[in-house]
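Below is one structure, written out as structure tokens; the observations come after it.
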Amino acid sequence: MRLILMGPPGAGKGTQARFIAERFGVPAISTGDIFRANVSNGTPLGVEAKRYMDAGEYVPDSVTNEMVRNRIAEADAEPGFLLDGYPRTLAQVQELDAMIADTGHCLDVVAVLTADQDVLVGRLLQRAVIEGRADDTEDVIRRRQEVYAEQTAPLIDVYRDRGLLVEVDGLGEVGEVTERIFAALADVDQS
Ligand code: ADP
């Protein structure tokens with residue numbers, strides 16, 4: 001299975017990605033997590049990425065694409081993978097197409113979590129208190145949502161046109177949302 005999990009900041013992608021990946025026996029690859037690990041370790045990639053992340057902007061495609069290409073080439077991703085937070089731009093979509101084509105496989109499904117913007121801002125402000133993420137301040141949260149609407153939301157139509165899209169309501173208890181995702185993916189599995 002090669003899956004993408006999409007959705008606006010705060011929709012719960014990271015939480016759900018872990019459950020879905022476990023169910024399908026593939027690694028969950030989160031670009032945000034990889035960037036944060038690099039920031040913590042003070043790597044050159046982390047230093048570069050932090051400038052953008054702290055402002056709520058996207059890290060340049062050239063940087064992100066190379067990072068994902070390397071990650072997907074690792075042995076554990078050979079049977080498949082779940083991408084959380086990638087692709088986020090049309091250029092990343094094209095790059096991912098090329099990466100997958102190079103391995104002789106194809107993308108199976110793109111699941112998008114939908115949720116109301118104001119609810120999401122509330123969730124992220126809550127998370128700020130718990131996790132203390134540098135980009136969870138109200139201004140940066142609003143900026144991340146704008147950037148998502150401008151650069152990432154258009155990808156939904158691209159994947160819908162390819163017949164790969166499943167939309168799942170991301171509001172409710174974590175377990176409820178997980179069940180909805182599994183149900184939506186089971187339909188895809190059988191089709
Ligand atoms: P969220 O979805 O909650 O905004 P993520 O953890 O997915 O957070 O990403 C955090 C930040 O990492 C983003 O705001 C962005 O700066 C950077 N980032 C993550 N994935 C990408 C990507 N595919 N392209 C560019 N930047 C990215």
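Whatever order the structure lists ligands and atoms in, that order sets their numbers, starting from 1.
- A heavy-atom distance below 4.5 Å is found between the side chains of Asn65 and Tyr86.
- For Val59, heavy-atom contacts with ligand 1 shorter than 4.0 Å involve the backbone as well as the side chain.
- At least one side-chain heavy atom of Pro60 sits under 4.5 Å from a side-chain heavy atom of Tyr52.
- Taking a 4.0 Å cut-off on heavy atoms, Arg127 registers as neighbouring ligand 1.
- For a threshold of 3.5 Å applied to N or O pairs, the pair formed by Lys13 and ligand 1 contains at least one separation below that value.
- Annotation: cation-pi geometry not satisfied between Arg88 and Tyr148 (NZ/CZ under 6.0 angstrom from ring centroid, within 45° of ring axis).
- Taking any N or O of Pro87, backbone or side chain, none lies under 3.5 Å from an N or O belonging to ligand 1.
- Distances below 4.0 Å separate heavy atoms of Thr64 from the following atoms of ligand 1: 22 (C), 23 (N), 24 (N), 25 (C).
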What pairs of donor and acceptor atoms, side-chain ones from residues 106-121 against any protein atom, are under 3.5 angstrom apart with sequence neighbours left out?
residue	atom	partner	partner atom	Å
Asp108	OD2	Arg2	N	2.7
Thr114	OG1	Val168	O	3.3
Asp116	OD2	Asp118	N	3.2
Asp116	OD2	Val119	N	3.3

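- Remark: minimum distance from atom 24 (N) of ligand 1 to any protein heavy atom is reached at Gln92 NE2, 2.9 Å.
- Cluster partners of Ile130: none. The rule joins Ile, Leu, Val, Met, Phe, Trp and Tyr whenever side-chain heavy atoms lie under 4.5 Å apart, and it links nothing here.
- Taking both residues in full, the closest heavy atoms of Pro87 and Leu96 are given as CD-CD2, 3.8 Å, listed atom of the first, atom of the second, then distance.
- Residue-to-ligand polar distances keep Tyr58 apart from ligand 1: every N/O pair is separated by 3.5 Å or more.
- Within the 4.5 Å cutoff, the side chain of Thr178 has heavy atoms near those of the Val174 side chain.
- For atom 27 (C) of ligand 1, the nearest protein heavy atom (residue, atom name, distance) is Phe35 CE1, 3.7 Å.
- With no hydrogens or angles considered, a side-chain donor-acceptor pair links Tyr58 and Thr152 at under 3.5 Å.
- When hydrogens are left out, the protein atom nearest atom 3 (O) of ligand 1 is Arg144 NH2, 3.0 Å; that is the closest non-hydrogen contact.
- Considering backbone and side-chain atoms together, Asp33 places no N or O closer than 3.5 Å to any N or O of ligand 1.
- For atom 13 (C) of ligand 1, no protein non-hydrogen atom is found at a distance below 4.0 Å.
- If you take CG on Leu3 and CG on Leu185, they are separated by 6.0 Å, rounding to the nearest 0.5 Å.
- Between Arg88, Gln151, Arg133, it is Arg88 that holds the heavy atom closest to atom 22 (C) of ligand 1.
- Between Lys50 and Asp135 there is no salt bridge, since none of the side-chain N atoms of the basic residue sits less than 4.0 Å from a carboxylate O of the acidic one.
- Checking side-chain atoms of Glu95 against main-chain N and O of Arg69 turns up no donor-acceptor pair under 3.5 Å.
- At the top of the distance list for atom 23 (N) of ligand 1, counting protein heavy atoms only, stands Gly85 O, 2.8 Å.
- Atom 15 (C) of ligand 1 has its closest protein heavy atom at Glu57 O, 3.6 Å.
- For Asp135, no nitrogen or oxygen atom sits less than 3.5 Å from a nitrogen or oxygen atom of ligand 1, counting backbone and side chain alike.
- Annotation: atom 9 (O) of ligand 1 to nearest protein heavy atom, Gly32 CA, 3.7 Å.
- Here is the list of ligand 1 atoms found below 4.0 Å of a heavy atom in Thr31: 19 (C), 20 (N), 21 (C), 23 (N).
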